[in-house]
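Working notes, beginning with the structure itself.
Throughout, residue positions are numbered sequentially from 1 according to the sequence presented.
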Amino acid sequence: DVQLQASGGGLVQTGGSLRLSCATSGFAFDDYAIGWFRQAPGKEREEVACIASSDAKTYYPASAKGRFTISRDNARNTVYLQMNSLKPEDTAIYYCARERVPGGTCPPLEYGYWGQGTLVTVSS
């Protein structure tokens with residue numbers, strides 16, 4: 001079965017860095033785009049990064065561009081999210097998700113599988 005396990009969250013001070021990991025199994029890792037999402041209290045879930053399957057092209061919304069970096073390690077079937085210059089407004093539960101069907105764009109039209117999430121707390 002398809003599994004996505006997000007980890008690496010924790011407590012960090014403003015300006016610090018965290019590296020989140022999304023370990024995957026149960027599918028052909030290099031055929032699918034993978035995205036990172038977050039949901040903060042009182043806010044809707046938003047996508048913060050996406051990495052394509054074939055050429056590892058990346059996508060970032062304006063809120064994350066320049067501070068977040070998504071990468072993929074095909075040998076480990078793992079996607080990472082490097083977060084730098086963290087701000088209190090980055091506090092959220094972070095989820096990784098897999099594109100529903102292979103071959104889509106990044107960001108894809110639809111995500112079909114989700115990890116459990118990992119909590120990131122940025123203190124001021």
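A donor and an acceptor atom, one from each side chain of S17 and N84, are located under 3.5 Å apart.
Sparse packing is recorded around OH of Y113, with 12 or fewer heavy atoms of other residues, nucleotides or ligands lying under 6.0 Å away. Counted within 6.0 Å of CD on Q13, heavy atoms from surrounding residues, nucleotides or ligands total 12 or fewer; the atom is thus considered open.
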ask   = Are K57 and C106 close enough, and set up right, to give a side chain to side chain contact (heavy atoms under 4.5 Å, CB included), and what steps lead you there?
value = CA-CA 7 Å; K57 295 290 186 180; C106 192; 5.8 Å; no
task = Tell me, with the steps shown, if T78 and F29 meet side chain to side chain contact (heavy atoms under 4.5 Å, CB included).
result = CA-CA 8 Å; T78 300; F29 177 78; 5.7 Å; no
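With rounding to the nearest 0.5 Å, the separation of OH in Y60 from CD1 in I51 is 7.0 Å. The line from CG of D90 to CG of L18 is 10.0 Å long, rounded to the nearest 0.5 Å. Going from atom CG of L20 over to atom CH2 of W36 covers 4.5 Å, rounded to the nearest 0.5 Å. Between the CD1 atom in I34 and the SG atom in C96 there is a gap of 7.0 Å [rounded to 0.5 Å]. From R45, atom CZ reaches atom CZ of R38 across 13.5 Å, with rounding to the nearest 0.5 Å. Here the CG-CD distance, from L4 to Q116, works out to 9.0 Å after rounding to the nearest 0.5 Å.
Counting only distance, with no hydrogens or angles, the side chain of T91 and the backbone of V122 share a donor-acceptor pair below 3.5 Å. For Y80 (side chain) and D73 (main-chain N/O), no donor-acceptor pair under 3.5 Å exists by modelled atom type. The closest donor-acceptor contact from the side chain of T24 to the backbone of N77 lies under 3.5 Å. Here the side chain of R98 pairs a donor or acceptor atom with the backbone of R100 at under 3.5 angstrom. Using modelled atom types, no side-chain atom of T14 and backbone atom of K87 make a donor-acceptor pair closer than 3.5 Å.
Using a cut-off of 4.0 Å between Lys/Arg side-chain N and Asp/Glu carboxylate O, R72 and D30 are scored as not salt-bridged.
Residues V120 and M83 approach most closely at CG2-CE, 3.8 Å, considering heavy atoms. Between E47 and P107, the shortest heavy-atom distance links the atoms OE1-CB, 3.6 Å. Scanning all heavy atoms of the two residues, the minimum distance from V48 to P61 falls at O-CD, 3.1 Å.
Cluster membership for V79 and F68, using ILVMFWY side-chain heavy atoms within less than 4.5 angstrom, is shared. L11 and L86 sit in two unconnected hydrophobic clusters of ILVMFWY residues. Membership requires side-chain heavy atoms under 4.5 Å apart, directly or through other members.
By the 4.5 Å side-chain criterion applied to Ile, Leu, Val, Met, Phe, Trp and Tyr, Y111 is assigned to a cluster that also includes F37, I93, Y95, W114, L119.
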